[in-house]
Amino acid sequence: MDGLGERATALERRVMPEEGLDQLVRALARRGPVYGPVRQDGATVYGEVEGAQDLDLRCTPFTYSPKALLHRPRQVLFRAERAEGFVPREPEEDGRMSIIGVRPCDMSAIAALDQVFSQEYPDPYYQRRRQNALLAAVNCVEMAEHCFCTSMGTGPGLAAGFDLLLTRLEHGWLVEAGTEEGCAVLKEVESRTATDRDLQEKEELIRKAAAGAKKQLQTEGLPGLMRDRFEDPVWKERREECLGCANCTSVCPTCFCYDAYDVVNVKGDKVERTRCWTGCPVVDFARVHGGNFRSDRGERFKQFAYHKLCYWKDQFDRLGCVGCGRCMTWCPAKIDIAETAQSFRRGGEAR
Amino acid sequence: MSKPKIAVYKLASCSGCQLQLVNLEPELLDLVGEVEIAYFPMASRKTVPGPYDICFIEGSITREEEVEVVKKAREDCRVLVAMGACGTAGGPQGLKNWARVEDFKERVYQRPDWIRTGEKSLSPGEKVKIDLYLPGCPVSRDQLKEVIVAALLGRKPYLGDWPVCVQCKMNNNVCLLVASKTPCLGPVTRTGCGALCPTWGRGCYGCFGPCEDANVASMGRILRDLGLSPEEIVRRFRHVTSGAEAFREGAKLYEGQQD
């Protein structure tokens with residue numbers, strides 16, 4: 001992926017007028033619930049939307065990713081009742097849903113999760129929700145303060161992986177359909193065929209956005225550099241700052257770790273096994289029989305930074321960071337792993 | 001086989017935690033089918049003599065004779081669970097540990113001369129061995145149930161000792177501390193409440209006490225950056241679980257400091 005998304009592979013390219021966005025959301029809503037970025041308490045989170053008026057498609061620093069819609073914060077794995085032995089029952093299937101407003105960095109994160117949940121241990125819970133989800137992505141035409149997608153090659157433009165891809169033009173929306181289903185949705189919306197001028201406008205907008213990137217992380221040889229600096233004193237400073245609150249892993253669009261537990265009823269004849277989000281900054285995370293293999297807070301924080309910028313490469317042949325900037329935005333202690341890693345290039349101190 | 005016996009003791013407390021046991025309404029009938037409520041003055045006049053299998057002790061020790069109650073509970077019970085902010089960390093009444101009890105009496109009660117209480121509020125764990133601490137103000141019904149079920153099944157209870165933040169993000173809440181600069185103890189407080197206050201737009205008060213390895217120094221710096229005075233920070237750490245070690249440390253960092 002080039003991150004500029006100029007050569008997005010699309011089956012169809014059309015332009016809809018301003019009010020077309022509302023028609024598009026309603027067309028999606030006929031297929032099942034639609035989720036998109038909505039304003040809440042001074043930030044943007046994913047919530048159910050009914051029309052375009054609910055959506056906030058701007059690229060702002062305080063956002064949450066759509067991860068929770070695919071990798072549920074709490075997911076019942078099975079329920080069982082005591083009968084002749086225990087009989088497990090699978091949880092109810094989820095129906096079709098659409099996620100609109102997915103940013104290119106988050107699309108890259110979804111591709112990362114696809115890999116995580118399909119590679120060694122295929123995960124039916126994630127896969128079911130993923131297969132049921134129509135993804136209507138949106139190209140970024142602006143960069144927020146913490147964005148460094150240009151460094152990670154994940155944005156501000158998207159090249160592939162979408163059902164629909166929106167770009168806000170000066171007059172109306174360019175909508176590109178990447179799948180047959182995307183084409184079908186597009187048919188239900190008032191639109192005209194996109195011209196070369198429209199596509200040029202899109203390219204120009206994305207290039208301009210990319211030029212506005214304020215933050216940078218050089219990724220060349222990064223895993224090796226991280227390994228070399230494993231004992232760097234800067235990690236001791238981070239240790240003192242880190243709260244261990246796991247805000248970073250919770251808002252990270254690629255963090256996938258979970259815990260699982262059983263809820264048994266008082267009579268002891270019904271059980272529900274649930275998994276829930278957890279992350280390496282939490283003490284309990286690395287507690288196994290006989291002890292905790294990351295009992296030090298500094299080690300736990302480093303695990304987050306190193307998994308994203310180093311180990312992920314060995315595990316999945318890419319980096320685990322998509323440059324969305326959320327971990328540093330939502331860290332109450334303002335710890336910035338990208339800046340810390342980048343400081344190794346300068347050999348100096350940084351946050 | 002006879003049913004396991006449960007006992008509930010009360011020391012200085014508001015009784016809110018034992019009320020949570022009664023509040024297990026939908027499963028209360030199932031519960032009395034599985035266990036015998038042997039000693040629980042709030043819920044039943046019937047008293048069955050010990051020994052008991054599971055004992056919940058609510059409240060803190062504020063008078064000499066309560067030490068005897070705690071010792072008796074320890075002797076009578078196989079598994080002793082200290083519950084609530086009072087049972088685990090001295091509770092709100094623990095504030096008197098850092099002040100003159102006479103001042104509190106005068107400020108709070110119309111007839112201070114009627115009040116008989118000691119100088120300090122101690123959690124039962126300072127006098128006897130406690131098998132399990134179940135924090136909260138009040139304790140969570142789900143966690144309370146989990147402790148009983150786990151005891152019945154003979155396994156470790158799953159209480160999820162994480163910071164409130166983990167639960168808060170699971171609820172899709174916008175972080176108050178970051179987005180609206182609202183002072184919040186979520187990063188250093190143990191979950192169990194379901195991130196109740198932040199879900200309703202209020203910063204965490206720390207009712208469940210510190211989470212494991214709580215970084216109170218960093219938390220204090222963040223609160224200071226938000227403009228809280230040292231005195232306000234001390235108050236926040238002491239509020240409900242002043243006796244908890246990490247929060248005691250946090251308060252100590254700012255105690256007596258000038259703004």
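Chain A is the first sequence line, chain B the second, and so forth, proteins listed ahead of strands; every chain is numbered from 1. Hydrogens, waters and symmetry mates play no part in the numbers below; they use all other heavy atoms, side chains included.
Taking a 6.0 Å sphere around CZ of A:R294, one finds it holds more than 12 heavy atoms contributed by other residues, nucleotides or ligands. Environment of NZ in B:K252: sparse, with no more than 12 heavy atoms of neighbouring residues, nucleotides or ligands closer than 6.0 Å. Heavy-atom contacts from other residues, nucleotides or ligands closer than 6.0 Å to CD of A:E142 number more than 12. Around the CZ atom of B:R235, the shell of radius 6.0 Å holds no more than 12 heavy atoms that belong to other residues, nucleotides or ligands. Within a 6.0 Å radius of CD in A:E48, other residues, nucleotides and ligands contribute more than 12 heavy atoms. Other residues, nucleotides and ligands contribute only 12 or fewer heavy atoms inside 6.0 Å of the CD atom of B:E245. Counting non-hydrogen atoms of neighbouring residues, nucleotides and ligands closer than 6.0 angstrom, the CZ atom of A:R128 exceeds 12 such neighbours.
Of the possible polar contacts, none joining the B:D213 side chain to the A:D296 backbone as a donor-acceptor pair under 3.5 Å is found. Between the side chain of A:Y64 and the main chain of B:N173, a donor-acceptor pair closer than 3.5 Å is present. Using modelled atom types, no side-chain atom of A:D284 and backbone atom of B:D161 make a donor-acceptor pair closer than 3.5 Å. The main-chain N or O of A:Y46 is found under 3.5 Å from a side-chain atom of B:N172 such that the two form a donor-acceptor pair.
The structure places NZ of B:K169 at 7.0 Å from SG of A:C245, a figure rounded to the nearest 0.5 Å. Once rounded to the nearest 0.5 Å, the distance linking CE of B:M170 with OG of A:S250 reads 7.0 Å. If you take CD1 on A:I335 and OG on B:S218, they are separated by 7.0 Å, rounding to the nearest 0.5 Å.
Closest approach of B:V166 and A:W277 over heavy atoms only: CG1-O, 3.9 Å. Residues B:E27 and A:V266 approach most closely at OE1-N, 3.4 Å, considering heavy atoms. Between B:Y158 and A:A260 the shortest heavy-atom distance is CE1-O, 4.2 Å. When all heavy atoms of A:N247 and B:C165 are compared, the pair lying nearest together is OD1-CB, 3.5 Å. For the residue pair A:R74 and B:Q167, the shortest heavy atom distance occurs at NH2-OE1, 2.8 Å.
With a 4.5 angstrom heavy-atom cutoff, A:V282 touches chain B only via side-chain atoms. Within the 4.5 angstrom heavy-atom criterion, atoms from both the backbone and the side chain of B:A179 approach chain A. Proximity to chain A (any heavy atom under 4.5 Å) is restricted, for B:V149, to the side chain, taken from C-beta onward. Contacts between A:R300 and chain B at a heavy-atom distance below 4.5 Å involve the side chain alone, from C-beta outward. Contact of B:P163 with chain A is made through the side chain alone, with heavy-atom distances under 4.5 Å. Using a 4.5 Å cut-off between heavy atoms, A:F285 makes no contact with chain B at all.
Interface summary for chain B: among A:A43, A:P332, A:C276, A:A246, the most heavy-atom pairs under 4.5 angstrom belong to A:P332. Chain B forms the most heavy-atom pairs under 4.5 Å with one residue out of A:V251, A:D259, A:T278, A:T249, and that residue is A:D259. By number of non-hydrogen pairs under 4.5 angstrom with chain B, the leading residue of A:T329, A:V263, A:N265, A:V283 is A:V283. Heavy-atom pairs under 4.5 Å with chain A were tallied for B:L177, B:I222, B:D225; the largest tally goes to B:I222. With respect to chain B, the highest number of heavy-atom pairs below 4.5 Å among A:P61, A:P281, A:C242 belongs to A:C242.
Salt-bridge annotation for B:R155 and A:D262: absent, with no side-chain N of the basic residue lying under 4.0 Å from a carboxylate O of the acidic one. Of the charged side-chain nitrogens involved, none lies within less than 4.0 Å of a carboxylate oxygen, so that B:E212 and A:R297 do not count as a salt-bridged pair.
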TODO: Walk me through it: do A:V45 and B:V174 pass the test side-chain contact (heavy atoms from CB on, under 4.5 Å)?
DONE: CA-CA 8 Å; A:V45 303; B:V174 169; 3.6 Å; yes
